[in-house]
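Every heavy atom of this structure was used, including side-chain atoms; hydrogens, water molecules and symmetry mates were not. Note that the structure is predicted; figures quoted are calculated from it, not measured. Every chain is numbered from 1, with letters handed out A, B, ... down the list of sequences.
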Number of protein chains: 2
Amino acid sequence: MLSNKAKYALRALGYLAGKYPGGPVQIAEIAEQQKIPLKFLETILLELRKADILLSKKGKGGGYTLERDPKQISVASVIRAIDGPISMLPCVSLYFYKKCDDCDETHCSLNRVFTDVRDATIKVLEKKTVRDLI
Amino acid sequence: MLSNKAKYALRALGYLAGKYPGGPVQIAEIAEQQKIPLKFLETILLELRKADILLSKKGKGGGYTLERDPKQISVASVIRAIDGPISMLPCVSLYFYKKCDDCDETHCSLNRVFTDVRDATIKVLEKKTVRDLI
DNA sequence: TAATACTCTACTAATTTGGTAGGATAATAA
DNA sequence: TTATTATCCTACCAAATTAGTAGAGTATTA
């Protein structure tokens, strides 16, 4: 399951995609329009900026904009930035790999099964973009 | 991510599949062979029995056996029994559906995206069985 | 009737989730 | 230069979930 945080992130990005290209949009506007708690959204957008998904501008007339065209931002990258791994097991994760301590991966049947699951899931999530969230 | 509990469940079922068909296998044997905490495994196997995945027999010579042929037990059904939903959003879940309170599903873009993700993931998980976990 | 092995309820500690508070910093404009 | 705007950042907190453990109860068999 996606966390609430990731859901908010995707909703916020969909909103920004709807305004792309265009000037900076303020957190407060996104929070109000998408009904997301303002302070929570602050921390979320900050993370998305650190993940090179958003650009920010401070001061009057400031706000957030997408770092690039909505079609170039995959849903997979957003989930990874907020929730971390997409895979169902650490030992099959591409971006958050972690060795199992109690199995040999070349022979582990769980590893084999969940590698296939990962491939199927990620194939869809890499193809879907923020453009699809408008 | 799968919970530890689900991982243990799958490992235990893989072990039982390796002995199928055959007499009852005791919790203690599974726990030792698969290095799963005994008392934790007790609660897990109980849940799998209640989900009609395992049969149990009490008393001397008792233990657990698969309820049916390993090929007839999907990995999807095991995950659902232990962790619950496989989908990434409650509003696209087939077995654990829950309405979003803040979006109209027929028009919600998140719903559309994660329905496709669900279909891809579940297609694999329904095809994989406990037989693949031996 | 004693031993075996699952059953069940309840409890606990650690981690994660879903936020909030409040001040710091940077940009703009009067 | 100073007020205003809006993001940045650290720290905190409560509730929920996860990962187990404890211990007594029940059914089966020999």
I'd like to know if the side chain of B/D132 and the backbone of A/S109 have a donor-acceptor N/O pair within less than 3.5 Å. no

Measure the distance from OH on A/Y64 to P on D/dT5 and round it to the nearest whole Å. 19 Å

Residues of residues 8-33 of chain A with any non-hydrogen atom less than 4.0 angstrom from an atom of DNA chain C: list those, numerically ordered, please. A/Y8

Atom pair CD/CD of A/E29 and A/Q34 - distance to nearest 0.5 Å: 10.0 Å

May I have the distance from B/I44 (atom CD1) to C/dT7 (atom P), rounded to whole angstrom? 14 Å

Atom CG of A/L38 and atom P of C/dG22 are separated, to the nearest Å, by 14 Å

Check this for me, if you would: do B/E42 and B/K39 make a salt bridge, where the nitrogen-to-carboxylate-oxygen distance has to be below 4.0 angstrom? yes

Given protein heavy atoms under 4.0 Å, the one-letter contact record of nucleotides 22-30 of chain D, with B base, S sugar-phosphate only and - none, is simply BB--BSBS-

Is there side-chain contact between B/L46 and B/Y64, with at least one heavy-atom pair below 4.5 Å? yes

Calculate the interatomic distance between A/K5 atom NZ and C/dT20 atom P; express it in whole Å. 13 Å

Spacing between A/K7 atom NZ and C/dT17 atom P, to the nearest angstrom: 13 Å

Within the side chain of A/T129, is there an N or O that forms a donor-acceptor pair under 3.5 Å with the backbone of A/R131? yes

Exam field: side chain A/S3 to backbone A/A6, donor-acceptor pair closer than 3.5 Å: yes

What is the separation between atom CG on B/N4 and atom C1' on C/dT15, rounded to the nearest whole Å? 12 Å

Between the side chain of A/R11 and the main-chain N/O of A/I30, is any donor-acceptor distance below 3.5 Å? no

Could you tell me whether the phosphate oxygens of C/dT7, OP1 or OP2, come under 4.0 Å of any side-chain nitrogen or oxygen in B/S56? yes

Under 4.0 angstrom between A/R49 side-chain N/O and D/dC8 OP1 or OP2: yes

B/L46 CG to D/dG20 P, straight-line distance once rounded to whole Å: 17 Å

d(CD, B/E47; C1', C/dT7) in whole Å: 13 Å

Output yes when a side-chain donor or acceptor of A/S77 lies under 3.5 Å from a complementary backbone atom of A/I73, and no otherwise. no

For A/D116, is there an ion pair with B/K128 - N to carboxylate O distance below 4.0 angstrom? yes

Indicate yes or no: does A/R118 engage A/E126 in a salt bridge with an N to O separation below 4.0 Å. no

So does B/R49 pair up with B/E67, basic N to acidic O under 4.0 Å? no

Close residues, residues 75-85 of chain B, relative to DNA chain C [heavy-atom separation under 4.0 Å]: none

